[in-house]
Amino acid sequence: MKRPAIVVLGASRGDPPPGLPQALEDEAELRFADTTADLRAALPGAEVLLVWDFRSEQLRDAWSARDRLAWIHVAGAGVDAVLFPELRDSDVVVTNARGVFDDTIAEYVVMLMLVFAKDLLTTLEAQRDHTWRHRESGRLGGATVLVVGTGPIGRAIARRSRCLGMRVLGVARSPRQDPDFERLVASEDLHAVLPEADYVVIAVPLTSETEGMFGSEELRLLKPSARLINVARGRVVDESALVAALRRRELAGAALDVFETEPLPADSPLWDMAGVIVSPHMSADFHGWLDALADLFVANYRRWRAGETLSNVVDKQRGYVPSE
Ligand code: OXD
């Protein structure tokens, strides 16, 4: 029987782990593509596209080369880079890697809140200077965290924060009672809850509704002691408004794992700002994450071949996998 062709786009992220071609050896013909020209050449006849690098944007330009494409799997949490209007309006199904990163991003966020609360940056600085600098530090117990986005990543953050004795508020598309949150408000009511937060954690997908959600107006509503943590997408925050707000001390600090432009340009002021932690889009990436991404794709591919319902189907109009 002829094996279906799977195009793998974006090996610039590093090739998929050997487990992927090994697992699919008898079940598919893999065609690797990195550039738009590669993709144009590889798409004809292929029913499945694995977007291995979730940042790949070549599909839009190669779209007319598809003739049988039925399913695109994005090996990442956010599908913003691949959702262009022609794909949204087509009947091609899009799935993602929902579920792989919930725990690891939540751990990363807890680590960041603890680093801020316990003033670890000053401790490390003092150690570098061989200085014994005793200080008091803050607590997470009793502090308020506002989790913006209540998908599985936001929920994992909320649950861990609660275990630490924090008061957990949330922002979702619509308000509702939810056992993981003391209060869950709608995005329209974001302004009402911002002044209550000691930590604001952004965990929403990038969509037309969330782009620029945090601008100068929102940042001005924060407590001067608040910290902003972004593990979602850089464009949810207006970066220059954030730099200005930090300079005006409208908030005490920020931990940013994602940026408007990645890698963060060397001349960005964020690199050197007091109270700012810059990390290279790595909050999700635990040892073994690439294998986990490959395994998830292989399991879904087998469902697809068996004619079963795919898991993690993205609502292409909303831009994410709905929870309900
Ligand atoms: C993402 C990812 O979508 O790291 O940000 O997968």
Side-chain angles (χ1 to χ4, degrees), residues 8-17 20 49-60 72-84 87-88 94-112 147-157 201-211 213-214 228-237 239 254-264 277-300 310-316 318-323:
V8 183
L9 171 64
S12 51
R13 180 191 207 177
D15 284 329
L20 180 90
L49 172 64
L50 167 59
V51 179
W52 183 247
D53 180 354
F54 66 87
R55 294 180 181 90
S56 305
E57 286 180 349
Q58 291 93 337
L59 182 58
R60 184 193 291 250
I72 299 172
H73 179 82
V74 179
V79 292
D80 47 284
V82 299
L83 280 186
F84 51 93
L87 168 55
R88 273 184 213 272
V94 177
T95 57
N96 76 355
R98 176 182 160 110
V100 172
F101 301 130
D102 309 350
D103 292 343
T104 135
I105 295 184
E107 284 173 9
Y108 201 85
V109 168
V110 166
M111 179 272 294
L112 291 169
V147 183
V148 182
T150 55
I153 296 174
R155 192 169 292 283
I157 295 167
V201 182
I202 303 176
V204 279
L206 177 65
T207 66
S208 55
E209 285 169 29
T210 61
E211 180 155 13
M213 191 177 191
F214 282 80
L228 183 75
I229 297 176
N230 190 1
V231 288
R233 282 290 182 267
R235 277 158 49 203
V236 177
V237 178
E239 220 163 83
L256 307 169
D257 189 49
V258 287
F259 300 88
E260 284 173 356
T261 303
E262 294 182 11
L264 181 64
I277 298 175
V278 167
S279 58
H281 200 139
M282 57 175 280
S283 66
D285 305 348
F286 59 97
H287 297 304
W289 66 298
L290 294 177
D291 293 310
L293 291 176
D295 292 350
L296 187 135
F297 172 71
V298 171
N300 232 2
L310 289 173
S311 61
N312 292 355
V313 176
V314 170
D315 177 329
K316 291 187 288 175
R318 289 197 199 176
Y320 55 90
V321 181
S323 289

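In listed order, ligands and their atoms are each counted from 1.
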Original post:
In terms of ring plane angle, is the pair His73 and Phe297 parallel, tilted or perpendicular, where the classes change at 30° and 60°?
Top reply: tilted
Original post:
Donor-acceptor pair, Thr95 side chain versus Asn312 backbone, under 3.5 Å?
Top reply: no
Original post:
Counting heavy atoms not belonging to Glu57, are there more than 12 under 6.0 Å from its CD?
Top reply: no
Original post:
Do any N or O atoms from the side chain of Ser323 and from the backbone of Gly151 form a donor-acceptor pair under 3.5 angstrom?
Top reply: no
Original post:
Near Met111 CE, under 6.0 Å, is it more than 12 heavy atoms from other residues, nucleotides or ligands?
Top reply: yes
**OP:** Flag yes if more than 12 heavy atoms outside Arg55 fall under 6.0 Å of its CZ atom; otherwise flag no.
**Re:** yes
Original post:
Which protein residues have a heavy atom closer than 4.0 Å to any atom of ligand 1, listed by chain and number?
Top reply: Phe54, Gly76, Ala77, Gly78, Phe101, Arg233, His281
